[in-house]
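Contents: one structure, followed by commentary.
Since we're looking at a predicted model, the values are computed, not measured.
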Amino acid sequence: YSAHVTTMPNTILPQDIPLTYPTKLLTNALLSTSHHWGLYRYQEYAQSVQLEYYHYPEAEFCRGRAKFLQEIADREHLYFTDVFRQCREELARSNISREAVALLSRVAPLASY
């Protein structure tokens with residue numbers, strides 16, 4: 001069985017972003033929010049992402065979001081500057097991993113219906 005995951009419209013993938021210096025700084029700043037927010041705030045952020053895609057079935061959203069998170073996690077570095085890598089990479093990877101596992105665990109029970 002091969003699950004079909006539809007690309008969500010208007011989604012900008014990491015490979016679509018030109019890596020200019022301002023883009024690198026903005027990306028670092030966006031990813032770094034997980035450091036300041038802590039786990040609870042990251043969970044709020046993850047829930048707000050799902051609200052943006054409310055029009056997708058839950059299983060499709062979970063698979064698509066988990067795939068997106070895995071693509072990010074597969075990169076050698078999440079951050080584009082050494083300072084952010086040293087200070088925040090470990091926590092950001094932990095948040096991404098935790099969210100992906102939670103999403104996929106929600107899909108497993110849905111598959112049995």
Ignoring hydrogens and geometry, is there a side-chain-to-backbone donor-acceptor pair from Glu99 to Leu69 under 3.5 Å?
-> no
Are the side chain of Arg98 and the backbone N or O of Ser94 linked by a donor-acceptor pair below 3.5 Å?
-> yes
Distance check, rounded to the nearest 0.5 Å: [X] atom [atom1] versus [Y] atom [atom2]?
X	Y	atom1	atom2	value
Gln70	Ser97	CD	OG	8.0 Å
Glu89	Tyr79	CD	OH	7.0 Å
Arg93	His77	CZ	NE2	8.5 Å
Gln47	Gln43	CD	CD	7.0 Å
Leu78	Arg85	CG	CZ	9.5 Å
Tyr53	Glu60	OH	CD	12.0 Å

If you measure only the distance, is there a donor-acceptor pair under 3.5 Å linking the side chains of Gln86 and Asp82?
->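 No - no donor-acceptor pair under 3.5 Å links their side chains.
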On a heavy-atom basis, the closest approach of Ala100 and Ala66 is O-CB, 4.4 Å
Closest contact, heavy atoms only, Ile96 versus Ala73 =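 Of all heavy-atom pairs spanning Ile96 and Ala73, the closest is CG2-CB, 4.1 Å.
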Measure the shortest side-chain to side-chain distance between Gln50 and Arg65 over non-hydrogen atoms and say whether it is less than 4.5 angstrom.
->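 SC-SC contact between Gln50 and Arg65 ruled out.
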Hydrophobic cluster identity match, Val101 and Ile72, side-chain contacts under 4.5 Å = no
Flag if over 12 foreign heavy atoms under 6.0 Å of CD, Glu90 = no
Going through the distances and angles, do Leu103 and Phe61 end up as a side-chain contact (heavy atoms from CB on, under 4.5 Å)?
-> CA-CA 9 Å; Leu103 289 165; Phe61 168 78; 3.9 Å; yes
